[in-house]
2 protein chains.
Amino acid sequence: MTRAQANIPSSPLGRKITSYMSLTDEEKSFLNELERNVTRHGSRSDLLQQGERYGCVRVMRKGWAIRHKALPDGRRQVVNFVLPGDIIGFYCNLFETADHGVTTLTPAEVANFQPERIIELFKLFPRLAAALAWSGAKEEAIIAERLLSVGRRTALERTAHLIVELLRRLSIVGLVEEGRFTLPVTQEILADALGLSIVHINRTLRRLRDIGLIDLAGQQITVHDVKQLASVGQFDELYLHLIQAPKQLEHALDAKSDRKRAGD
Amino acid sequence: MTRAQANIPSSPLGRKITSYMSLTDEEKSFLNELERNVTRHGSRSDLLQQGERYGCVRVMRKGWAIRHKALPDGRRQVVNFVLPGDIIGFYCNLFETADHGVTTLTPAEVANFQPERIIELFKLFPRLAAALAWSGAKEEAIIAERLLSVGRRTALERTAHLIVELLRRLSIVGLVEEGRFTLPVTQEILADALGLSIVHINRTLRRLRDIGLIDLAGQQITVHDVKQLASVGQFDELYLHLIQAPKQLEHALDAKSDRKRAGD
DNA sequence: CGCTGCTTTGACTTACGTCAACCCAAGTGG
DNA sequence: CCACTTGGGTTGACGTAAGTCAAAGCAGCG
């Protein structure tokens, strides 16, 4: 790996981490190296099936996917959306078998690497390990917030909340323009994400349109007034933990990792 | 720290990890050291309040607690139950502020340590770091399963499912005897955990009693036929990931950590 | 041009929520 | 020792948000 390549993290994962923590060259090149093996997948293809043995760790480079769980009789719950830059069940890879499936919603570009490399990462780059742990914690926070939605918010609130969440998450990776973004999702999938029936989601979206909060044209959704939509969904920024620097992390790691970084 | 002390992990956390991965003396004593500072709390006391800055990392030694999120208008969702041996929002401690609260349900004994020590742990004991990551992943899996419950299971199924989950989780730490265990929980809390109203939980429990699947006497609950209750709740062992050894983890860490462990 | 997969809408059903009592046990204080 | 409160549990009557069923519209596509 060349030095030049190492300096600019070309990996979405690297870019994501860089956004809240500065990386050493060694770390960057390790990440780039990790994401070297990229595969392409069609729309609606299973990257992982519930009950299957885990294969490799994956990072979403382009496209959308969902993590979902199903009951024996077919009822299904979408646990989370996998957006560009997201890791696909990072920790889950430590498990023997998958307790959920992962399916693409669009054609997707995915980076793959062996789980052993995670262990390697834990040993060689504790800062990266901690950063990824942080990232995993954010995922948990998102799922917990969805649980709050499904358990305690009304259909209208839930739907509004999800739209704002996606808007915010997509903004970070630069996929929103003036409140407009692509939502490559059928109403069935929205229903499964929000614990509603397909018919009810339809009516709820219609209501949001009628109120004038959103516009839907095919897969393009436009949010006219984020503030208002957020307030309908009782959206509280807190859980996304977008605040750039987890100071504690940065501090502690910088201060004491000088030994390891002496070579730079 | 004495050598003798180091050999037997007296910490619940240590015991938990030992159950699926053998620890070196160094690792054990580090864990024991971590849990040295123990505090006691009354029933119904907040260990952490939503919106508050995180203080320290906590491990539940004795007693129950809940992690919960609330909406501005008071509606509340219990995200998870914290049982003896559980870490309280391990990763969350990397965040600036808490997006959820933690409240004890019983008098509790809690071990506390500074978040910096996690960083230390990441640097000095990658195996422990990975083990804790695994443990965090299990927590995420539990929350995801609860999301499936709240989103897609009926009230009866949900309730049955939760009871079986608690039964299984408590068995691991030896708190179940012949299908009987203490459930230090009001119906209001059950309702908030399952996204139901308090009245409806009451009727649902009654139904479970009428069918003869459970017995409730005060805070003692007895499960007569776990198999049947599990089938009512569409309970699938998979998500708890109780399978002892995460082989991959154990393997990878053992094989390559010889350098570090040379001293033993 | 007739699939097939998705959305939309109306009519009706139902699981679950709300309201409002009443019960019971465990304090607690006069 | 007994009133009185307080926090929970239990039950009935009734309301409603959301589900189900069913049919019709509407692309895209071989």
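Every chain is numbered from 1 and lettered A, B, ... according to where its sequence line falls, protein lines coming before strand lines.
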Touch class at under 4.0 angstrom, heavy-atom based, for A/Gly218 against every strand present:
nothing
note: B/Leu194, atom CG; C/dA15, atom C1'; distance rounded to Å ~ 15 Å
Exercise for review: Compare side-chain N and O positions of A/Gln187 against OP1 and OP2 of C/dG5 and report whether any pair is under 4.0 Å apart.
Suggested key: no
Taken to the nearest whole Å, CD1/B/Ile201 to P/C/dG17 is 9 Å
Note: A/Arg158-A/Glu165 ion pair, threshold 4.0 Å (strictly below): no
In whole angstroms, the gap separating P of C/dG17 from CD of B/Glu188 amounts to 14 Å
Just checking B/Ser197: base, sugar-phosphate only, or nothing, at a heavy-atom cut-off of under 4.0 Å? base
From NE2 of B/His200 across to P of C/dT14 the rounded distance in Å is 15 Å
Result for 5'-nearest mapping on DNA chain C, choosing between A/Val185 and B/Ala155, is A/Val185
In B/Val82, B/Thr103, B/Leu170, the residue satisfying side-chain contact (heavy atoms from CB on, under 4.5 Å) with B/Trp64 is B/Leu170
query: Between B/Arg168 and B/Glu145, is there a salt bridge with N-O shorter than 4.0 Å?
result: no
- Query: Below 3.5 Å, does any donor atom in the side chain of A/Arg209 face an acceptor in the base of C/dT8, or the other way round?
  - Reply: no
| A/Gln220-A/Thr182 side chain donor-acceptor pair, cut-off 3.5 Å | yes
- Query: How would you label the contact of B/Arg203 with the nucleic acid (heavy atoms, under 4.0 Å): base, sugar-phosphate, or nothing?
  - Reply: base
B/Arg158 has its side chain closest, among C/dC6, C/dT9, C/dC16, to C/dC16
Atom CD1 of A/Ile198 and atom C1' of C/dT7 are separated, to the nearest Å, by 8 Å
Q) Sub-3.5 Å donor-acceptor pair from the side chain of B/Thr186 to the main-chain atoms of B/Ile189, do we have one? A) yes
So the contacted stretch of DNA chain D, first to last nucleotide with an atom under 4.0 Å from a non-hydrogen atom of chain A, runs from D/dA18 to D/dC21
Atom CG of B/Asn202 and atom C1' of C/dG17 are separated, to the nearest Å, by 14 Å
Rounded to whole Å, the CD-P distance (A/Gln219 to C/dG5) equals 16 Å
In terms of heavy-atom contacts, B/Asp192 and B/Gln77 come closest through O-NE2, 3.1 Å
Checklist entry - Is it true that atom CZ of A/Arg209 has more than 12 heavy atoms of other residues, nucleotides or ligands lying nearer than 6.0 Å? => result yes
Atom CD1 of A/Ile221 and atom C1' of C/dT7 are separated, to the nearest Å, by 15 Å
5'-most contact on DNA chain C (nearest-nucleotide basis), B/Thr154 vs A/Arg206, goes to A/Arg206
